[in-house]
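Right, one structure below, let's go through it.
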Amino acid sequence: LPAIRPELKTILELADQYKIKLYVGLYHDAGYWKRIGLDAHPVQTYLQNLNEKNAQLARILSPLLQSHRSFSGWYITDEIDDVNWNTKEKRELLVNYLQSLSGQLHQLTPDKKIILSGFSNAALSPEQLTEFWYGILSRAPVDVLLFQDGVGVHKLTLEQLPPYVDAVHWATEFAHKKFDVIIE
């Protein structure tokens, strides 16, 4: 079992003192991108294991976090792109994973938000990207989607960006979720 690091306690105390809202990131797997690029069956097994690791970490951290008014919710660290989840079968696995994990997090901390992050490689048209994200967000009980613009890491150009931001924004509106942009 992972131990609660003393730095987290210090950060929470300072956030409480300065009235800063904190969203705590869950388990981060450095091998995530390699693992999700595999065929559906190994991805399913991987996501089941990842779900358990995230849920276990949340259960361990929850008593400490809930004693701090700065704790505002959870950040699922698994970034979602439009390449690795671009088949119906793998997207279904993703939705099942997000439903399960988000459901457990909401049960553990009903009054806290769940945040998810994603980006586009321009693998889909803006219209397809709206459908892609709506299909995920309408079924997964996450509360906020952070869309990474990807410009700084050469996923999208500044010229390509506006219709993609609009596409994801529409998906969040249709799914009744909050939307924000991360500028890279």
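Enclosure of atom NZ in Lys113 is not indicated, since only 12 or fewer non-hydrogen atoms of other residues, nucleotides or ligands lie within 6.0 angstrom.
For Ser102, the side chain to side chain contact (heavy atoms under 4.5 Å, CB included) partners are Ile76, Ile114, Pro141, Val142, not counting sequence neighbours. Considering only residues two or more places apart in sequence or on other chains, Glu131 meets the salt bridge (charged side-chain N to carboxylate O under 4.0 Å, His left out) condition with none of them. When the side chain to side chain contact (heavy atoms under 4.5 Å, CB included) test is applied to Thr172, the partners found at least two apart in sequence or on another chain are Leu137, Leu145, His169, Lys177, Phe179. Judged as a side chain to side chain contact (heavy atoms under 4.5 Å, CB included), and not counting sequence neighbours, the contacts of Leu8 are Ile4, Leu12, Leu61, Leu64, Leu65. By the side chain to side chain donor-acceptor pair (under 3.5 Å) test, Glu184 pairs with no residue at all, sequence neighbours left out. Checked against salt bridge (charged side-chain N to carboxylate O under 4.0 Å, His left out), Glu159 has no partners two or more places apart in sequence or in another chain. Residues satisfying the salt bridge (charged side-chain N to carboxylate O under 4.0 Å, His left out) criterion with Arg91, sequence neighbours excluded, are absent altogether.
Here the closest non-hydrogen pair linking Gln99 and Ala140 is CG-CA, 4.1 Å. Across every non-hydrogen atom of Ala171 and Trp133, the tightest pair is CB-CB, 3.6 Å. Nearest approach of Leu156 to Asn121, heavy atoms of both residues: CD2-C, 4.5 Å. Taking both residues in full, the closest heavy atoms of Val83 and Ala123 are given as CG2-CB, 3.8 Å, listed atom of the first, atom of the second, then distance. The shortest heavy-atom contact between Thr157 and Gln160 is N-OE1, 2.8 Å. Closest heavy-atom contact between Pro110 and Gln107: CD-O, 3.8 Å.
Note that the CG atom of Asn84 and the NZ atom of Lys90 stand 5.0 Å from one another [nearest 0.5 Å]. With rounding to the nearest 0.5 Å, the separation of OG in Ser72 from CG in Leu22 is 7.0 Å. Note that the CG atom of Leu50 and the CD atom of Gln48 stand 11.0 Å from one another [nearest 0.5 Å]. A distance of 9.0 Å separates CG of Leu94 from CG of Asp78, quoted to the nearest 0.5 Å.
For residues 46-61, the salt bridge (charged side-chain N to carboxylate O under 4.0 Å, His left out) pairs, not counting sequence neighbours, are Glu52-Arg59. Within the structure, ring-ring contact (aromatic ring centres under 6.0 Å, His included) contacts touching residues 56-86 (residues at least two apart or in different chains) are Phe71-Trp74. Applying the ring-ring contact (aromatic ring centres under 6.0 Å, His included) rule to pairs touching residues 88-113 yields nothing, sequence neighbours excluded.
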Side-chain donor-acceptor pairs under 3.5 Å in residues 32-45, sequence neighbours left out?
unit_1, atom_1, unit_2, atom_2, d
Tyr32, OH, Glu79, O, 2.8
Thr45, OG1, His41, O, 3.4

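A donor-acceptor contact under 3.5 angstrom links the side chains of Gln104 and Asn51, judged on distance only. Checking Thr109 against Gln66 by side-chain atom types alone, no donor-acceptor pair falls below 3.5 Å.
Between Asp82 and Ser120 there is a side-chain heavy-atom pair separated by less than 4.5 Å. Under the 4.5 Å side-chain criterion, counting only non-hydrogen atoms from C-beta, Leu26 is in contact with Leu105. Side-chain contact between Phe119 and Val153: absent, with no pair of heavy atoms (C-beta onward) separated by less than 4.5 Å.
With hydrogens and angles disregarded, no donor-acceptor distance shorter than 3.5 Å links the side chain of Ser138 to the backbone of Ala175.
Within the hydrophobic cluster formed by Ile, Leu, Val, Met, Phe, Trp and Tyr side chains joined at under 4.5 Å, directly or through other members, Tyr134 is accompanied by Trp170, Phe174.
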